[in-house]
Amino acid sequence: MSESYLNVQAVARNTESAAADGDCCVEYHPLIPFLPENAKVLFLGSFPPQRKKWCCDFYYPNFINDHWRIEGQVFYGDKEYFVEKDRRCFRLDAIIEHCKGRGIAFYDTATVVRRLKGNASDKFLEVVEATDIRNLIKPLEGLRAVITTGEKATETICGYYGIDAIPKVNGACMLDGNVELYRLPSSSRAYPLAFEKKVDAYRAMFDKYGV
């Protein structure tokens with residue numbers, strides 16, 4: 001049985017809010033942070049997609065998002081390594097074991113949002129409450145980098161830290177202490193870059209930080 005990373009209280013509040021307010025309701029983060037003690041890198045996205053698009057109760061849960069295919073290709077030479085084809089879902093137990101072993105952490109840059117168009121697009125995502133990133137990463141003594149894969153998340157982090165020059169894709173800048181902010185291409189299939197090029201970019205990042 002897989003560990004659960006659902007934020008049960010937030011899920012309940014989201015259900016109540018949707019029933020009361022419709023598509024533009026305030027939405028609370030439905031997952032708890034995944035923060036292995038040995039974390040070297042922390043992926044911070046913007047916010048999870050709507051629950052109806054999930055195939056597993058974890059980060060990057062949309063089956064047509066290629067994040068877990070990219071990691072499968074990078075670390076195991078098999079883009080289907082984390083894919084359970086018969087059920088059209090990801091192998092959550094394998095993902096958690098992999099991330100704990102490698103020191104890969106996950107959360108998002110917003111804890112409360114409002115979907116202005118009732119979809120998963122960052123363009124129509126209003127950040128109501130941003131994540132307190134300094135407190136989030138404080139226990140992660142071996143953390144070397146915060147990783148973003150989208151413009152919204154990158155802008156939110158830069159605003160939090162007061163950084164004016166937003167890193168370009170495959171670029172980095174310093175945050176606190178020895179922790180860098182590193183920006184990758186999005187794993188969404190809507191991002192116009194070949195899968196193999198995304199794999200190369202992610203591999204270079206993981207190699208850089210010794211993951």
Side-chain angles (χ1 to χ4, degrees), residues 29 31 33-36 38-49 58-62 64-75 79 82 95 98-99 102-111 113 120-127 129-138 140 142-211:
H29 203 295
L31 295 166
F34 178 79
L35 305 172
N38 63 335
K40 297 178 182 177
V41 297
L42 166 64
F43 279 87
L44 286 182
S46 53
F47 201 79
F58 200 64
Y59 294 89
Y60 295 97
N62 191 331
I64 63 171
N65 186 290
D66 281 332
H67 180 94
W68 297 115
R69 294 178 182 84
I70 292 170
E71 287 211 30
Q73 188 65 41
V74 168
F75 291 102
K79 69 178 183 179
F82 295 113
I95 286 172
H98 160 76
C99 292
R102 290 283 179 174
I104 305 173
F106 293 89
Y107 196 53
D108 287 306
T109 55
T111 57
V113 301
S121 172
D122 281 355
K123 183 178 180 181
F124 302 111
L125 196 68
E126 176 188 338
V127 176
E129 183 178 315
T131 299
D132 186 345
I133 300 171
R134 287 191 176 93
N135 278 334
L136 182 73
I137 69 176
K138 197 172 185 180
L140 304 179
L143 188 69
R144 298 189 59 192
V146 170
I147 312 298
T148 60
T149 64
E151 186 173 3
K152 184 84 171 186
T154 308
E155 289 178 348
T156 302
I157 293 175
C158 288
Y160 177 92
Y161 280 98
I163 297 170
D164 293 327
I166 297 174
K168 296 181 180 180
V169 174
N170 297 322
C173 66
M174 292 303 302
L175 296 180
D176 285 339
N178 296 320
V179 178
E180 289 188 321
L181 169 62
Y182 192 105
R183 184 178 177 185
L184 283 172
S186 172
S187 55
S188 168
R189 294 181 184 179
Y191 188 85
L193 186 67
F195 179 84
E196 294 76 13
K197 296 291 186 182
K198 293 182 183 182
V199 169
D200 290 343
Y202 280 60
R203 181 181 287 116
M205 180 278 292
F206 285 125
D207 286 346
K208 174 181 172 69
Y209 298 114
V211 177

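- For Trp68 and Phe106, the ring centers sit closer than 6.0 Å to each other.
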Practice item. With side-chain contact (heavy atoms from CB on, under 4.5 Å) as the test, would you mind laying out the steps for Leu140 and Leu35 before giving the verdict? Key: CA-CA 8 Å; Leu140 304 179; Leu35 305 172; 4.0 Å; yes

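- Listed here is the closest heavy atom pair of Leu184 and Met205: CD1-CE, 3.7 Å.
- The closest side-chain heavy-atom distance from Ser46 to Thr156 is not below 4.5 Å.
- Note that CZ of Phe47 is 5.5 Å distant from NE2 of His29, once rounded to the nearest 0.5 Å.
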**Study point:** Steps toward side-chain hydrogen bond (donor to acceptor under 3.5 Å, both in side chains) verdict (Asn62, Asn65)
**Key:** CA-CA 5 Å; Asn62 191 331; Asn65 186 290; over 6 Å; no

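- Stacking of Lys79 on the aromatic ring of Phe195 is recorded, both the 6.0 Å distance cut-off and the 45° axial limit being met.
- Taking the charged nitrogens against the carboxylate oxygens, Asp200 and Arg203 do have a contact shorter than 4.0 Å, which makes a salt bridge.
- In this structure, the side chain of Tyr160 does not engage the main chain of Thr131 through any donor-acceptor pair within 3.5 Å.
- The structure places NZ of Lys40 at 9.5 Å from CD1 of Ile104, a figure rounded to the nearest 0.5 Å.
- Note: Ser187 OG to Glu71 CD = 9.5 Å, rounded to the nearest 0.5 Å.
- Atom-to-atom distance recorded for Ile147:CD1 and Arg183:CZ is 12.5 Å, nearest 0.5 angstrom.
- With a 4.5 Å cut-off on side-chain heavy atoms, Val211 and Tyr202 do not count as touching.
- Here the closest non-hydrogen pair linking Ser188 and Ser186 is N-OG, 3.0 Å.
- Nearest heavy-atom pair across Ala39 and Ala105 is CB-CB, 3.9 Å.
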Practice item. Kindly indicate, with the supporting measurements, whether the criterion side-chain contact (heavy atoms from CB on, under 4.5 Å) is fulfilled by Tyr60 and Thr149. Key: CA-CA 11 Å; Tyr60 295 97; Thr149 64; 3.4 Å; yes

Check your understanding: Going through the distances and angles, do Leu175 and Ile163 end up as a side-chain contact (heavy atoms from CB on, under 4.5 Å)?
Key -> CA-CA 9 Å; Leu175 296 180; Ile163 297 170; 3.5 Å; yes

Practice item. Take Ile133 and Leu42 through the side-chain contact (heavy atoms from CB on, under 4.5 Å) test and state the conclusion after the steps. Key: CA-CA 11 Å; Ile133 300 171; Leu42 166 64; 5.6 Å; no

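- The two residues Pro48 and Asp108 come nearest to each other via the heavy atoms CD-OD2, 3.3 Å.
- Other residues, nucleotides and ligands contribute more than 12 heavy atoms inside 6.0 Å of the CG atom of Leu193.
- Although no hydrogens or angles enter the test, the distance criterion places no donor-acceptor pair under 3.5 Å between the side chain of Thr109 and the main chain of Leu44.
- Note that CZ of Phe75 and CZ of Arg102 are 5.0 Å apart. Values are rounded to the nearest 0.5 Å.
- Considering all non-hydrogen atoms of both residues, Val74 and Phe206 come closest at CG1-CD1, 4.0 Å.
- Atom CG of Asp207 has more than 12 heavy atoms from other residues, nucleotides or ligands within 6.0 Å.
- Between Lys198 and Asp66 no salt bridge is recorded (no basic side-chain N to carboxylate O distance below 4.0 Å).
- The side-chain heavy atoms of His67 and Phe43, taken from C-beta on, include a pair separated by under 4.5 Å.
- A distance of 6.0 Å or more separates the ring centres of Tyr59 and Phe34.
- To the nearest 0.5 Å, atoms NZ (Lys208) and CG (Asn170) are separated by 11.5 Å.
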Exercise for review: Show your working on side-chain hydrogen bond (donor to acceptor under 3.5 Å, both in side chains) between Glu180 and Tyr209 and close with a plain yes or no.
Suggested key: CA-CA 10 Å; Glu180 289 188 321; Tyr209 298 114; 2.5 Å; yes

